[in-house]
Every structure is written in structure tokens, then in C-alpha cells.
Amino acid sequence: MSTNNAPTRIYLHESELPTQWYNLRADMKEQPDPMLLPDGTPAQEEHLYPVFCKKLAQQEMDGQTRFFDIPGEVLDIYKVYRPAPLCRAYDLERTLDTPAKIYYKFEGNNTSGSHKLNSAVAQAFYAKDEGLKGITTETGAGQWGTALAEAARYFGLDLIVYMVKVSYEQKPFRRAVMETFDAKVFASPSDTTNAGRAILAADPKDSGSLGCAISEAIEVAVTNEGYRYVLGSVLNQVLLHQSVIGLETELAMQKLGEYPDVVIGCAGGGSNLGGLAAPFLRDKITGKAKDIRIVAVEPASCPSFTRGKYAYDFCDTGKTTPLAKMYTLGSGFKPSANHAGGLRYHGMSPILSKLYHDGYMEAVSYEQTKVFEAAKLFAQRETILPAPESAHAIRCAIDEALKCKETGEAKTILFGLTGTGYFDLVAYDQFNNGTMTDYIPTDEDLEKSLEGLPQVG
Ligand SMILES: *Cc1c(COP(=O)(O)O)cnc(C)c1O
């Protein structure tokens, strides 16, 4: 069956760590639609300077440069926790009795417990390099806030984090980790910003959303001298930094003489999937691997790709950002208190949105009980307790492997295991004692939220 002499864990050597990030836009047949200012004109790089550091604004707008050198200071930290292993899930394959080969790239081997550190380190470095005092951000489940706290402390920057209230309450120990790295953490919506106060005035019990926390963090950045805002997903620059995942994976698979038939990633704002899939999407776009499938997996409770609209929308609830063309549920969409906090975002990466729209990608959604079934099986077979977000990709990989069992095809399945779930034990508890529920928004809920889309073009 699937037993062979190939290794179970493939660790690249430190000297094989990529020294450049790959910008997928350079190989896209058509560029994503440009970011728009509130008056409907395309945003220029300079328009982003009040919010982002200059180097990051440049990376955000550059659709031409294929490779960007990774700064030496960033590589120094990457070397502390990278290259990340590519793993073969032999025991899961045997348990599923599938002829498929299942590989996963494990990004949970750092204190943030996720891939988020890859971009946090880059963004903190550029902020430091520009001479800034501090940075602000939002965090959902807390992985991004933790990653950025690690990176900000390393480079000696202040950090202010707005953490989505439902996560702040569900995961108090996340805050303790961030505070260990000297970050200042507020539950969002908070009474420290105009955006937060407006939301609390409308509903004092509002449990928060990423969109709302973004509004608060941006407000603090633009009203404080020497501060800029940084974002952990969605943006082009974040996908660029996360390409390190895909480049390592591509090299490790080459060494094994393997190439995936299917690449699967959970999708919140699209950064881990965009990073993992970048070289494979390039091969698909350029015709080198026409038949490879790239699959985004999202929660049924927050189905941006599968039920959203491809339209210009704000990136935050407070409607303060430029407009991005993306698959969106509407910036006012309030996802239910699903346990995959990192996937509770109304929008999606404009790069992946364009590729999905043009038929280069697929998307599926799952209810959370189905996702936790997969998480539990994976933990028992592979000995890694996955993050609920990551478990979306596991669910899909298992289903693909089960399809292979029916058809007898020995496909090579690759998925991104973005992180670990040690701060998600309330969710695991609920699943284990049978009290976990599923929530799927109605068409009416979605229509209502999509009615609020800005009118442009
Ligand atoms: C943030 C996060 C995600 C989702 O974010 P993307 O930008 O879509 O990758 C997935 N998994 C984990 C563990 C996360 O922390």
C-alpha cells in the first residue's frame, strides 16, 4: 500500500532556505484590479504612506518584480525556526486505506503556533528600518498578534494589538503570551477609539470582528506620530512574504521526485494558501502544470469565496481603508462565533480572488463539527494537535484521499498545516463533549450584508 522507504519528515538544510520571496503577480496573465480611493480613483503608492511603511507600500503595489531579496536581518530570524518540515502522513493514509499520498507543510513550530511569523518578522523589520517607534495591528484568534509581538520585541518596536473580543474572552492565555513580549492588548470593540466607540454605541454586547479590530488599529496608527499599521493577511505584501512556505515546499518535493496533483489550504484572508500555492499556481498559469488543482477551504459560517460576491469593498468594518476588489461577504458581515477565529474575515486576498474568478482555483466550505472530526483523527494519527483553522485543510485533504480510495487513483495531495491548537482547547472540549454547534448564514443574512457594498464603477 502506501508504505515505502521514503522519509516521513523532510527537513531542508539551513543553507537551502530561500533568500528571495516570490511575487506571483509577476506571472499572472491579468493583474488583480487596483485598490481604489474613496473617490473611485486608483490608489498610488504614496497614498499608502500614512498607513504602511514605505518599503511595504512599495511591495504592495509592485505587480512586476518577480523576486524580492529577503533582508539579512529577516533571514537571521527565519533561520531560528525555518526551514519548516514537509511531512508525509503515512499513518493517516493507512488509516484511511487510500492509495493517495498525503503531504503537509507544517508551519506550527514557533511560539505563535502558526505561519504568521513569516510576515510579522518582515513587516516589523521594515518598520524598524524606517525608524518608526511602534506599530499597531488587529488579531483574531491571536496567532497574528503573538507573531507580531515576537517580531516587534526582537526589533525593539512598541506594539498595540486590538484583539477580537470573542477570542480575547475565549483565549485569555493568548493575551498573556503577547504581554510576555511586551505588547499592549485591547479587546475590540474597545472604548479607546472612535471606531470602537461607534460600534459599542450600536451594540454594547458586540463580540467583535476582524474588520472592526482593523478599524481601531488603523485609527491609532494614523493619529500617533511614529506609528504605522500592519496587517497579517489579505494584502499582496503578506502573500509575498508567505511565498517562503511554497518555495521551501517546492524544493523539498523536488528532492523527493514528487509533484502535487492537489494543493489545499484553509483560507481566512488567503495568505498561507497564497504562499504555499504560489509556485504551483505559477506552474498552472504558465502551463507547466495545467491540471494541478488548488483548493481553498473556508468555514461554512464565513464563506467568502463560496457564497460571497466579487466586488469592491472596504477591508474593515469602519470603512476607513481603500477599496479592494475581492470576494467579500460585505464589510458589515458579522460571522458567528465560530472557533476558527483566523478564518472569520469578510473578505479575501485580491490576488487569490482574481485567480479564483479566472478559474485557476476552487473553493469548498465545511461546518465546524466536520472540521473537528478531521482534527481529532489527524491528531491521533500524526501526533500534532492542529489549529481549528488548519483543520479545515485537513478535512478537505481527507475527503480528497477518500475519493481516491473510491476511484483507485494514487494522487499526491499536499496541504498546509498552518498551526497548532493549544489555545483552542475550549473548542476541542466542546467537540469532545458534543456541545459544538454549526451555524450557516442564510441567503437573507448574506443579501442584507452585501446590500451595504460601496457603489463604484
Ligand atoms: C491566521 C491563520 C489562518 C488564516 O489566515 P490566512 O491568511 O488565510 O492564511 C490559518 N491558520 C492559522 C493557524 C492562522 O493563524
Side-chain angles (χ1 to χ4, degrees), residues 84 104-120 123 137-150 161 163-164 167 171 174 177-178 210 213-214 230-246 263-278 294-299 302-305 315 326-327 335 338-353 356 361 363 365-366 368 371 375 378 384-396 415-424 427:
Y104 58 94
K105 179 74 168 168
F106 181 47
E107 289 288 328
N109 192 22
N110 68 79
T111 295
S112 80
S114 79
H115 64 291
K116 299 274 190 342
L117 192 56
N118 300 330
S119 186
Q123 297 196 49
T137 198
E138 78 298 324
T139 194
Q143 288 95 318
W144 169 245
T146 305
L148 197 62
E150 293 179 70
V161 181
M163 183 169 186
V164 177
S167 299
K171 306 181 185 184
R174 271 280 179 207
V177 178
M178 288 186 262
L210 276 175
I214 293 173
V230 297
L231 178 61
S233 183
V234 186
L235 297 171
N236 301 336
Q237 56 186 275
V238 181
L239 266 73
L240 175 73
H241 305 147
Q242 295 296 356
S243 68
V244 69
I245 304 173
V263 180
I264 298 165
C266 61
S271 76
N272 85 81
L273 175 59
L276 173 68
I294 316 289
V295 187
V297 192
E298 53 188 19
C302 194
S304 320
F305 267 139
C315 303
M326 59 185 174
Y327 278 85
N338 170 289
H339 286 291
L343 305 183
R344 296 177 70 219
Y345 182 65
H346 68 273
M348 188 52 69
S349 145
I351 294 176
L352 294 192
S353 291
Y356 179 66
M361 286 174 49
S365 72
Y366 287 106
Q368 65 177 349
V371 167
F378 183 84
I384 297 173
L385 186 79
E389 292 89 346
S390 322
H392 285 72
I394 298 173
R395 173 79 258 173
C396 180
F415 73 89
L417 188 71
T418 49
T420 46
Y422 300 112
F423 288 100
D424 302 284

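By convention here, the first residue in the shown sequence is residue 1. Both ligands and their constituent atoms are indexed starting at 1 by order of listing.
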Query raised in the report: What do the steps show when you test S233 against W144 for side chain to side chain donor-acceptor pair (under 3.5 Å), and what is the final call?
Result: CA-CA 9 Å; S233 183; W144 169 245; over 6 Å; no

Report task. For S167 and R174, run side chain to side chain donor-acceptor pair (under 3.5 Å): C-alpha distance rounded to whole Å, both residues' side-chain angles, the deciding distance at 0.1 Å, then the answer. Result -> CA-CA 9 Å; S167 299; R174 271 280 179 207; over 6 Å; no

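Ring centers of F415 and F106: at least 6.0 Å apart, outside the cut-off.
The nearest heavy-atom contact from the protein to atom 8 (O) of ligand 1 is G268 N, 2.7 Å. Nearest non-hydrogen protein atom to atom 3 (C) of ligand 1 is K116 NZ, 3.5 Å. Shortest contact from atom 13 (C) of ligand 1 to any protein heavy atom: T418 OG1, 3.3 Å. Nearest non-hydrogen protein atom to atom 4 (C) of ligand 1 is G342 O, 3.5 Å. Regarding atom 7 (O) of ligand 1, its nearest protein heavy-atom neighbour is S233 OG, 2.4 Å.
Using a 4.5 Å cut-off on side-chain heavy atoms (C-beta onward), S349 and M326 make no contact.
For the pair G270 and ligand 1, the shortest N or O to N or O distance falls below 3.5 Å. Backbone and side-chain nitrogen or oxygen atoms of S390 are examined, and none is located within less than 3.5 angstrom of a nitrogen or oxygen of ligand 1. For ligand 1, none of its N or O atoms has an N or O atom of E389 under 3.5 Å away.
When atom types are taken as modelled, the side chain of E150 and the backbone of S112 share a donor-acceptor pair closer than 3.5 angstrom. Remark: the backbone N or O of P386 is not paired with any side-chain donor or acceptor of T420 at under 3.5 angstrom.
Counting atoms of ligand 1 from 1 in the listed order, those under 4.0 Å from a heavy atom of S114 are 13 (C), 15 (O). Close approach to A267 involves these atoms of ligand 1, each under 4.0 Å from a residue heavy atom: 8 (O). Taking a cut-off of under 4.0 Å to the non-hydrogen atoms of L343, the atoms of ligand 1 that pass are 4 (C). Counting atoms of ligand 1 from 1 in the listed order, those under 4.0 Å from a heavy atom of Q143 are 13 (C), 15 (O).
Note that the CE atom of M348 and the CZ atom of F305 stand 4.5 Å from one another [nearest 0.5 Å]. Summarising the geometry, atom OG belonging to S114 is positioned 8.5 Å from atom CD belonging to E389; distances are rounded to the nearest 0.5 Å.
The shortest heavy-atom contact between S390 and T418 is OG-OG1, 2.6 Å.
The closest approach between E107 and ligand 1 stays at or above 4.0 Å for every heavy atom of the residue. For the ligand labelled ligand 1, residue G269 lies inside the 4.0 Å heavy-atom shell.
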